[in-house]
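Just below is one structure, and these are the notes that go with it.
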Amino acid sequence: AIPTLASLYASSTIAAPSPSTLASSIYPFAHLLSLHCGDITSLSIDAIVNAANNSLLGGGGVDGAIHRAAGPDLLKECRTLNGCDTGSAKTTKGYNLPAKHVIHTVGPVYKSSKHEESEKLLRSAYRNSLEEAKRVGARSVAFPSISTGVYGYPFDKAATAALDEIGCWLENGNSKNVERIILCCFSQKDYDKYTELAPTVFPPQ
Ligand code: ADP
């Protein structure tokens, strides 16, 4: 039986987050999730997700790091893809990366005046990336914190939506399609934020 959020917290001294803060869908799938603090390009897994821009022709931040580590053949393949809509995802090979595939997705540029639209697009970016992973048979996938760099999405809000959307996708009959979903944080601060948001999923070390 899948434990409920309440039962997971019952024997804990940690207060359960309120449902409005974090939907419970992620908790039954804690065993499929990991946090990693560091550079996503170093991960030797089936697929890493790139927080790209609409052109898919490279940029700064994690996108720049992925293109540098993968080598120029990645850009060559990206040129054949005709860009990518915000919230969608497209897959290439990993070239010189230790990861087999790169799933390029485009998160929204955050606008607080259009929070709901931004959240919808961020959730789509996570969901469509997972669908791409499923399509290409990638069973281990790492995500950077999409949109939380130059695209300005507040980290807490982005992390909450990411956890909830991943949970919904797994709950939708997809938990057999993946072995591990890694949330890759580039700073200790971001890493600590996840352990605060979901302490039974990512117990503080
Ligand atoms: P966006 O345009 O979607 O905001 P950014 O690349 O600016 O994309 O930032 C997205 C997140 O990726 C940020 O949290 C940033 O700290 C993180 N990041 C940057 N470089 C790396 C890297 N090499 N590995 C993992 N995460 C990274």
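One-based numbering along the sequence shown. Each ligand, and each atom within it, is numbered from 1 in the order the structure gives. Just so it is clear, the values below take in all heavy atoms, side chains as well, and ignore hydrogens, waters and symmetry mates.
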I'd like a table of donor-acceptor pairs (distance under 3.5 Å, sequence neighbours excluded) in which one partner is a side-chain atom from residues 90-102, with atom names and distances.
unit_1 : atom_1 : unit_2 : atom_2 : d
K90    : NZ     : L81    : O      : 2.6
K90    : NZ     : G83    : O      : 2.6
T91    : OG1    : E132   : OE1    : 2.5
T92    : OG1    : H104   : NE2    : 2.9
Y95    : OH     : E77    : OE1    : 2.6
N96    : ND2    : A70    : O      : 3.4
K100   : NZ     : D46    : OD1    : 2.8

Ligand 1: protein residues within heavy-atom distance under 4.0 Å:
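Residues near ligand 1: G38, D39, I40, A51, G61, V62, A65, S145, S147, T148, G149, V150, Y151, C184, F186.
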Using the ring centroid of each side chain, check whether Y191 and H36 are separated by less than 6.0 Å.
no
Qualifying residues under salt bridge (charged side-chain N to carboxylate O under 4.0 Å, His left out), relative to K76, sequence neighbours excluded:
D73
Could you tell me which residues satisfy ring pair (Phe, Tyr, Trp, His ring centres under 6.0 Å) with F186, sequence neighbours excluded, listed by chain and number?
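Ring pair (Phe, Tyr, Trp, His ring centres under 6.0 Å) check on F186 returns nothing, list empty.
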Straight-line distance of E131 CD to S124 OG, nearest 0.5 Å:
11.5 Å
Just by distance, no angles: are the side chains of S145 and D190 close enough, under 3.5 Å, to form a donor-acceptor pair?
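Per modelled atom types, S145 and D190 side chains form no pair under 3.5 Å.
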